[in-house]
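Take a look at the structure set out below.
Just so you know, ligand 1 is whichever comes first in the structure, and atom 1 is the first atom listed for that ligand. All residue numbers in this chain count up from 1 along the given sequence.
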Amino acid sequence: MIVVIGGGVTGLSTAFWLAREGHAVTVVEKGIAGWEASGRNGGGCSHAYSPLFREEQRLWPMMDELLGHPTEWQPYRIRVALDKAQLDRLKKSTQLALDQGFAADPLDARQLRDLVPWAPDHVAGAMFWRCGGHANPQRTSQAYAWAVARHGGRILQHTLVRSIRVAGGRAVAVETSAGEIGCDAVVVAAGPHGADLMRPLGHRIPIAPARVEMIVTEPVPRIAHGGVDGNGLYGRQTLRGNLAYGGGPHEWIDLDGGTTPRAVTTPVIASLARRLSELFPRLGHVRVIRSWGGIVENTPDGRPILDRLEDPGNVVFASMSSIGFGLSPASGRALAQLVVQGHCDFADLSQLRLSRFGNLPADWRDRLGWTTAPP
Ligand SMILES: Cc1cc2nc3c(=O)[nH]c(=O)nc-3n(C[C@H](O)[C@H](O)[C@H](O)COP(=O)(O)OP(=O)(O)OC[C@H]3O[C@@H](n4cnc5c(N)ncnc54)[C@H](O)[C@@H]3O)c2cc1C
């Protein structure tokens with residue numbers, strides 16, 4: 001039995017790939033599957049800086065068929081730079097995609113307006129990525145969960161994992177609020193709570209929780225490629241036409257602080273709305289109708305940790321560092337391979353190992369400087 005702790009997209013995707021290959025798998029989720037960051041994110045699937053990018057791009061077009069349920073995945077990404085600093089960043093990220101054999105075309109202001117009629121008349125630059133894409137986070141989480149069940153996997157919701165019991169250098173059971181589950185291997189995919197579960201096993205995992213917010217507008221006429229980023233924002237147009245956008249600022253939080261960390265704040269919403277109306281000036285009149293917050297966990301270098309530990313040798317740890325939705329088809333497949341064969345045969349995961357944080361300064365969180373104050 002392989003026990004996966006956490007029913008977000010990372011744990012569910014891992015369970016899906018394992019169950020699909022006939023492994024007995026149980027996902028243990030303290031709340032509702034997909035209720036945390038996995039169901040609350042911007043839906044972006046365009047992570048050119050990740051070693052899993054190629055696999056992310058290969059798998060998304062197949063996911064509806066593989067899972068048997070719609071994810072609302074749509075290809076391509078339009079990226080807009082409103083000033084020189086944004087253009088420099090856009091050029092860098094585009095080069096990463098080009099270097100991996102993907103295509104991207106520069107757009108002048110008129111070409112951009114043809115694709116995105118609400119775009120500004122003057123932009124510093126814009127690119128049409130013939131890669132990347134976006135999907136519906138709630139649909140996708142649900143699709144993974146149904147696919148796990150269809151392949152014989154079990155998902156225990158409202159079941160808290162309290163600890164991992166180790167004997168003879170191996171995890172032998174997971175202690176939960178519903179009793180003990182014996183296991184041959186464990187995958188820890190518990191988002192911001194992963195570090196707490198690993199501490200009793202002697203591992204200090206440098207991840208810190210942060211709150212991120214999104215806004216949703218009333219519907220506007222559908223455009224052909226509804227994944228448009230820019231002005232520090234990421235987001236997508238839903239099938240109904242709403243624009244769902246996020247993009248910081250991020251705020252470090254304390255999960256035990258007695259606050260409601262998923263609550264939204266007026267300054268962040270105002271900042272998101274202002275930047276969205278700068279990105280789409282012709283939509284300045286469109287109202288924000290919903291907003292929400294979600295919790296991500298971040299590593300010091302902003303990259304995920306995907307690792308099979310040496311001790312206990314049958315524990316695989318995953319933390320997606322706020323880019324885990326789009327990567328989930330690939331990260332789940334990689335994690336399933338780490339469980340079954342000890343290595344990933346389609347991507348080099350060496351840069352995502354936990355050991356890279358060996359000499360971490362104690363104040364790494366402060367050095368990143370995240371704050372509640374909108375830019
Ligand atoms: C507003 C927002 C926008 C984002 N935008 C994007 C984007 O556009 N593209 C992108 O790729 N990523 C985006 N992200 C990040 C992405 O959502 C996350 O990286 C991803 O969902 C992480 O998935 P996960 O399964 O690893 O973690 P989570 O979704 O956090 O799931 C972990 C699960 O573990 C459960 N759990 C925790 N502790 C225990 C325990 N002790 N016992 C049992 N269960 C436990 C939790 O209840 C939770 O359901 C965004 C995130 C937010 C919040």
Original post:
For ligand 1, does Thr176 get within less than 4.0 Å through its side chain, its backbone, both, or neither, judged by non-hydrogen atoms?
Top reply: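 No part of Thr176 comes within reach of ligand 1.
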**OP:** Mind checking whether Trp35 contacts ligand 1 via backbone (N, CA, C, O), side chain (CB onward), both or neither, at a 4.0 Å heavy-atom cut-off?
**Re:**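 Under 4.0 Å from ligand 1, Trp35 contributes no heavy atoms.
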Subject >> Selected option - heavy-atom contact closest to atom 37 (C) of ligand 1, from Ser13, Ala190, Gly324 >> reply: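 Closest candidate by heavy-atom distance is Ala190.
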**OP:** Report the member of Gly247, Gly294, Gly43, Ser319 with the shortest heavy-atom distance to atom 53 (C) of ligand 1.
**Re:** Gly294
Is the closest heavy atom of [X] to ligand 1 under 4.0 Å?
X      : answer
Ala318 : no
Thr159 : yes
Gly246 : no

Tell me whether [X] has any N or O atom under 3.5 angstrom from an N or O of ligand 1.
X      : result
His47  : yes
Phe325 : yes
Gly44  : yes

Subject >> Pair Arg110 + Asp114, salt bridge at N-O below 4.0 Å >> reply: yes
Subject >> Salt bridge flag under 4.0 Å for residues Arg287 and Glu218 >> reply: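 Yes, charged N to carboxylate O under 4.0 Å.
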Original post:
When Thr71 is tested against each of Asp64, Thr140, Asn136 for side chain to side chain donor-acceptor pair (under 3.5 Å), which residue passes?
Top reply: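 Only one of Asp64, Thr140, Asn136 forms a side chain to side chain donor-acceptor pair (under 3.5 Å) with Thr71, namely Asp64.
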